[in-house]
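Presented below is the structure to which this report refers.
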Amino acid sequence: MRLTSCFLSVLLSVVVIGLFGRDSSGNNVLWLANGLILAYLLVVPRWRWVQYAGAALAGLIVGSALIHETWRMNFLYNILNIVEVGTGALLLRRRSTDLPRFTQGRYLVRFLLFGVLGGPLAAAILMALHSWFTWRSAPIPVVLYWLGTDSVGIAVTAPVFAAIFQNSLRIAPVRPRQWVYAFLLLSVTLVIFGQSRAPLLFVIFPVILLIQLELDLGSAALGTILVALLGASFTARGLGPISEGLGVTLSTRPLVLQLFVISAVVMMYSVSLVLQKQKSTERQLKETLSLYRLITDNSRDAILLADFNGRPHYVSPAVRDLWGWEPEELMKLQLLDLVHAEDRSQVAEVLREMRSKSEGETVQYRARKRNAEYGWVEASLRTIRHPITNVPTGALQIVRDISERKHSEEELEAAYHAAEALADQDALTALANRRRLDQFLANEWKRGSRDRAPLSLLLLDVDRFKAYNDTYGHVQGDICLKQIGKVAQSVLLRTSDLAARYGGEEFALVLPFTPIEGARRIAEEMCAEMRHIGVPHAATREGIVTVSIGCATLIPSAGRSVQDLVEMADRALYQAKREGRNCVRSADAESVGAAERGAVVELIRDRLG
């Protein structure tokens with residue numbers, strides 16, 4: 001079906017140019033078919049180029065025959081057309097993974113050099129040589145005519161059809177708003193080219209620019225094609241601004257129209273680069289904002305932004321645990337009113353110093369909680385300055401509870417270690433973090449050594465996660481990791497087991513008192529559950545997100561360490577990766593199996609007395 005659509009669309013483009021794109025002498029004003037063929041070759045896999053080139057060549061030949069082109073010139077022109085498009089495609093797309101990106105400056109320059117100029121120039125030189133040896137025609141006019149018609153056609157046509165074909169060669173649904181802009185452009189074009197009194201070609205530029213800003217580059221290029229076809233049709237009949245009445249001779253009309261189209265293309269590409277840079281900046285700002293929100297929303301310390309009078313502008317959710325207030329409630333209060341009367345003057349003095357000269361201070365004071373009790377807090381304050389005038393406008397406060405610190409130095413140390421110990425959760429997945437995992441493994445290793453019980457470790461890695469991030473973006477990647485974390489937690493049936501984020505897209509499951517058979521059963525359940533939830537992943541063979549898992553089991557002993565268990569699981573994980581992913585592999589199961597079974601039997605005997 002796609003090859004048929006290629007044949008029919010190329011044929012239609014040839015017929016349309018034959019009907020509307022020729023001047024009074026029968027010469028083409030611009031040639032659109034080659035840009036259409038180039039768009040196909042830039043999107044389809046390289047190994048199918050021969051098929052599409054054959055379908056395109058057939059469309060060119062049949063279309064040329066329908067517009068009464070002589071067979072000799074038919075085959076000559078169309079063979080050169082395929083040479084032209086093939087040259088440009090080879091220079092633009094050296095690998096199948098190189099897809100068109102007309103909104104990127106570097107790719108746009110390569111497209112102009114190779115697709116718009118390089119390919120047409122190669123075909124033009126061949127045509128000039130043939131004309132010289134056959135008809136003794138001057139080569140320069142032949143080269144200029146060929147470049148003028150083909151280069152302009154490719155510059156306008158290739159981006160729009162590449163945009164249409166980009167999504168697996170499916171045309172996106174037409175929105176009602178697009179018809180409004182199409183009608184506007186059609187009306188303005190008919191009005192301008194329907195009269196010969198005033199040179200109003202420049203009026204079309206704002207309309208094309210409006211379409212590009214409101215829709216996209218492809219829609220603007222499609223509109224430019226429409227303008228070029230209508231302009232060529234009117235100009236060939238002696239109508240419109242490009243006419244003898246305005247001093248344009250018959251021989252220079254195609255050149256003037258081509259210059260007009262080229263100006264529209266240059267405008268579109270220039271605006272596209274600016275818009276792409278703006279979108280890139282907006283995307284970076286959103287990522288930065290998301291990162292800041294992640295930090296502020298998950299920080300255990302309360303973060304407050306307020307002016308020097310104590311009126312808050314931002315309050316982080318941590319104030320619920322700190323003072324019991326909801327952030328919305330605290331936004332309506334004066335922060336200085338929450339300070340104990342005996343400490344208020346001290347805090348006010350620090351704020352005055354920050355307003356005048358100090359860049360930051362650390363102050364301890366008693367703050368009123370929602371239940372009317374007071375607790376000691378330590379606030380680290382930093383001056384906020386106006387980004388333009390550099391005048392101090394307020395203070396950033398990072399507040400933490402230090403009530404325990406005030407009791408004694410020993411209690412301070414204990415509270416500090418307790419707070420550090422609480423920081424054992426991965427912020428993204430809510431699983432245990434690496435620190436908690438290391439502590440848990442060390443403790444279970446000691447217990448397993450004491451009880452001579454097997455300890456199993458599963459290392460899990462998300463298959464082709466970099467490709468997932470490249471395809472769906474890092475925000476969606478974080479959501480995917482959260483889903484995997486939930487699945488990892490759900491397959492653990494015992495409270496004594498631990499699910500942790502090992503790092504990046506790797507997870508770990510620690511299974512105390514579990515032999516290798518039980519570990520493999522849980523690993524297989526994890527893989528099956530991932531296949532069941534079916535998170536889409538277009539870059540994998542299965543079409544969904546899958547995981548590879550390495551299993552390892554050891555009975556802790558004096559001759560081994562936790563590191564041995566981790567290395568065994570890691571080797572098994574890499575074996576699963578090498579053997580095709582989306583599978584479970586275990587390391588050295590035979591070498592430890594007998595010892596495990598003996599230890600399990602001994603453990604059961606001990607439990608039964």
### Message
In this structure, is the centre-to-centre distance between the rings of Phe183 and Trp179 below 6.0 Å?
### Response
no

Please check: side-chain N/O of [X] versus main-chain N/O of [Y], any donor-acceptor pairing under 3.5 Å?
X: Arg110; Y: Arg93; result: no
X: Asn74; Y: Glu69; result: no
X: His537; Y: Arg464; result: yes
X: Glu329; Y: Glu326; result: yes
X: Gln195; Y: Ile192; result: yes
X: Ser5; Y: Arg2; result: yes
X: Ser151; Y: Val116; result: yes
X: Thr134; Y: Ser131; result: no
X: Gln212; Y: Met268; result: yes

Quick one: closest heavy-atom pair of [X] and [Y], and the distance?
X: Glu84; Y: Asp150; answer: OE1-OD2, 2.6 Å
X: Arg94; Y: Asp98; answer: N-OD2, 3.7 Å
X: Gln397; Y: Leu381; answer: CG-CG, 3.9 Å
X: Phe114; Y: Leu92; answer: CB-CG, 4.2 Å
X: Tyr181; Y: Ile211; answer: CB-CG1, 3.9 Å
X: Val142; Y: Ser137; answer: CG2-CB, 4.5 Å

Close side-chain approach of [X] to [Y], heavy-atom, < 4.5 Å:
X: Leu76; Y: Leu80; answer: yes
X: Leu190; Y: Phe234; answer: yes
X: Thr429; Y: Ile484; answer: no
X: Val43; Y: Tyr52; answer: no
X: Tyr40; Y: Val85; answer: no

### Query
Are a donor atom and an acceptor atom from the side chains of Asp463 and Thr540 found within less than 3.5 Å of each other?
no

### Task
Assess whether side-chain contact (heavy atoms from CB on, under 4.5 Å) is satisfied between Val188 and Val227, documenting all intermediate values.
CA-CA 10 Å; Val188 172; Val227 173; over 6 Å; no

Please say whether more than 12 non-hydrogen atoms of neighbouring residues, nucleotides or ligands are located less than 6.0 Å from [atom1] in [X].
X: Arg385; atom1: CZ; value: yes
X: Arg106; atom1: CZ; value: no
X: Tyr77; atom1: OH; value: no

### Message
My understanding is that only one of Leu230, Leu210, Val207 makes a side-chain contact (heavy atoms from CB on, under 4.5 Å) with Leu185; could you say which?
### Response
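Single side-chain contact (heavy atoms from CB on, under 4.5 Å) partner of Leu185 among Leu230, Leu210, Val207: Val207.
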
Hey, could you give me the [atom1]/[atom2] distance between [X] and [Y], rounded to the nearest 0.5 Å?
X: Leu351; Y: Thr383; atom1: CG; atom2: OG1; answer: 9.5 Å
X: Leu38; Y: Thr157; atom1: CG; atom2: OG1; answer: 10.0 Å
X: Ser9; Y: Ile37; atom1: OG; atom2: CD1; answer: 8.5 Å
X: Leu305; Y: Ile384; atom1: CG; atom2: CD1; answer: 4.5 Å
X: Lys279; Y: Leu275; atom1: NZ; atom2: CG; answer: 6.5 Å
X: Asn34; Y: Ile82; atom1: CG; atom2: CD1; answer: 7.5 Å

### Task
Given side-chain contact (heavy atoms from CB on, under 4.5 Å), test Ser263 with Phe205 step by step and report yes or no.
CA-CA 9 Å; Ser263 300; Phe205 287 156; 3.8 Å; yes

### Task
Give the ring-plane orientation class for Tyr468 versus Tyr472, where under 30° counts as parallel, over 60° as perpendicular and anything between as tilted.
tilted

### Query
Would you call Lys466 and Asp470 a salt bridge, using N to O less than 4.0 angstrom?
yes

